2 protein chains.
Amino acid sequence: MNIGQVSKATGVSLRMIRHYEGIGLMPSPDRRDNGYRDYPPRSIERLRFIANARDLGFSVDEISALLSLWDDRERASSEVKAIALGHAEDLARKSAALEAMRRTLLDLAEGCSGDARPDCPILAGLAETRQRPARELTAAKTKPRRVA
Amino acid sequence: MNIGQVSKATGVSLRMIRHYEGIGLMPSPDRRDNGYRDYPPRSIERLRFIANARDLGFSVDEISALLSLWDDRERASSEVKAIALGHAEDLARKSAALEAMRRTLLDLAEGCSGDARPDCPILAGLAETRQRPARELTAAKTKPRRVA
DNA sequence: ATGAACCCTGACATCATGTCAGGGTCAAGC
DNA sequence: GCTTGACCCTGACATGATGTCAGGGTTCAT
């Protein structure tokens with residue numbers, strides 16, 4: 001199959017199909033004499049897997065892990081479940097963070113008359129002091145980073 | 001004030017202070033003879049405003065709008081409130097989207113034994129057909145883009 | 001006058017994705 | 001055989017917020 005057909009079959013853009021190949025999520029397909037990528041039917045399944053996982057917000061690293069588990073017929077389902085549940089927690093955390101922002105915002109907005117008068121506690125609140133120190137001031141010797 | 005002092009006073013990194021200047025959120029400060037940026041005290045307030053707004057997830061465009069309203073003593077508080085509430089809705093939508101992903105994931109995980117056995121509905125679910133068409137297939141004549 | 005601490009600019013990297021450019025290839029119809 | 005349109009290839013640039021590194025001045029306290 002040509003890449004265009006694969007794209008239509010999976011709903012993944014040409015760009016991203018090539019991209020996933022570049023970053024190693026998809027194996028490099030054979031090439032025809034003219035240089036065109038020639039995909040086996042299996043590719044479609046794998047691409048769908050990747051696309052679905054992305055739609056669920058999995059990171060590339062997580063997808064990569066899920067794919068190797070998928071390729072491994074013998075792995076314990078507990079491994080898969082652990083990744084899934086871990087990601088679900090991530091999602092919950094992020095969602096909670098957004099909710100917290102929203103609450104703060106609504107609290108600020110509550111005091112705002114929202115009419116033609118100029119005084120507004122929202123702006124006042126935004127201008128208020130903060131003290132979340134800049135990275136540079138704290139990160140000094142803390143983190144080794146670069147693990148992923 | 002030198003940029004370093006402003007950074008300490010606001011918790012905004014040097015990098016970002018310069019960046020905000022570059023994208024026009026902060027006015028270019030005067031320069032001393034040696035080329036150092038020389039900030040007036042007002043800058044601190046404005047930077048705090050920007051940083052707080054960012055912490056609340058406002059986009060640069062929104063912040064920019066809020067800043068001009070802030071600069072305008074006469075504007076109606078309703079304008080500010082509209083931006084704030086609009087953003088709060090954005091946050092709600094995003095949060096809901098994350099929650100939806102989480103639910104889907106938990107639904108999938110529910111059927112997974114999570115033990116040593118290899119069969120796993122999570123992987124099966126991820127491999128399932130999808131049909132969210134790629135951008136390229138739909139976007140054809142839809143969007144004029146490039147407004148911001 | 002030497003070194004630490006500070007400042008400057010510019011460039012590169014991240015991540016997923018789009019888009020554009022410049023150039024081959026293939027198939028169908030004349 | 002030649003043209004045309006659809007398809008493919010690679011490579012590069014852009015986005016947004018932020019970090020980091022490099023290479024090079026400045027200031028100030030010892």
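Computed from a prediction, not measured in an experiment: that's the story for all the values here. Residue numbers begin at 1 in each chain, while the letters A, B, ... track the order of the sequences.
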Figure out the [atom1]/[atom2] separation between [X] and [N], and round it to whole Å.
| X | N | atom1 | atom2 | value |
| --- | --- | --- | --- | --- |
| B:E62 | D:dG16 | CD | P | 13 Å |
| B:F58 | D:dG16 | CZ | C1' | 18 Å |
| B:I63 | D:dA17 | CD1 | P | 8 Å |
| B:L14 | D:dA17 | CG | C1' | 16 Å |
| A:I17 | D:dC7 | CD1 | C1' | 13 Å |
| B:R32 | C:dC6 | CZ | P | 14 Å |
| B:D61 | D:dA17 | CG | C1' | 14 Å |
| B:D38 | C:dC8 | CG | P | 10 Å |

For nucleotides 27-29 of chain D, tabulate all protein N/O to nucleotide N/O atom pairs closer than 3.5 Å, reporting atom names and distance.
{"from": "D:dT27", "atom 1": "OP1", "to": "B:N34", "atom 2": "ND2", "distance (Å)": "3.0"}

Would you find more than 12 non-hydrogen atoms of other residues, nucleotides or ligands less than 6.0 Å from [X] atom [atom1]?
| X | atom1 | result |
| --- | --- | --- |
| A:Q5 | CD | yes |
| A:R32 | CZ | yes |
| B:R31 | CZ | yes |

*Taking only side-chain nitrogens and oxygens of B:S13, does any of them come within less than 4.0 Å of OP1 or OP2 of D:dG19?*
yes
*Check whether any side-chain N or O of B:R37 sits under 4.0 Å from OP1 or OP2 of C:dC7, and answer yes or no.*
no
*Single hit among B:V60, B:I63, B:L47 for side chain to side chain contact (heavy atoms under 4.5 Å, CB included) with B:Y20*: B:L47
*asked:* Let me spell it out: for each of A:H19 and B:Q5, pick the nucleotide of DNA chain C with the closest heavy atom. Which residue's pick is nearer the 5' end?
replied: B:Q5
State which of [options] makes the closest approach to the side chain of [X].
| X | options | answer |
| --- | --- | --- |
| B:V60 | D:dA17, D:dC8, C:dC8 | D:dA17 |
| A:N2 | C:dT17, D:dT18, D:dC8 | D:dC8 |
| B:R18 | D:dA17, C:dC8, C:dA16 | C:dC8 |
| B:M16 | D:dA17, D:dC9, C:dC8 | D:dA17 |
| A:R15 | D:dC9, C:dC8, C:dG18 | C:dG18 |

_Test: ring pair (Phe, Tyr, Trp, His ring centres under 6.0 Å). Region: residues 75-103 of chain A. Which pairs qualify, not counting sequence neighbours?_
A:F58-A:H87
*asked:* If we ignore hydrogens and angles and just use 3.5 Å, is the side chain of B:N2 paired with the main-chain N or O of B:Y36 as donor and acceptor?
replied: no
*Hey, does the side chain of B:T10 reach the backbone of B:V6 with a donor-acceptor pair shorter than 3.5 angstrom?*
yes
_Using a heavy-atom cut-off of 4.0 Å across all strands, would you classify B:R31 as base, sugar-phosphate, or nothing?_
sugar-phosphate
*Which part of the nucleic acid, if any, lies within contact of B:I23, taking any heavy atom under 4.0 Å across all strands shown: a base, the sugar-phosphate backbone alone, or nothing?*
nothing
*asked:* Regarding B:E99 and B:R102, does a basic nitrogen lie under 4.0 Å from an acidic carboxylate oxygen?
replied: yes
_Side-chain ion pair, B:R117 and B:D115, N-O less than 4.0 Å_ = yes
*Over all atoms of both residues, closest heavy-atom pair of A:L69 and A:R75*: O-CD, 2.9 Å
*asked:* With each end axis built from five pairs of C1' atoms, what bend angle do you get for the helix from C:dA1-D:dT30 to C:dC30-D:dG1? Round to 10°.
replied: 30°
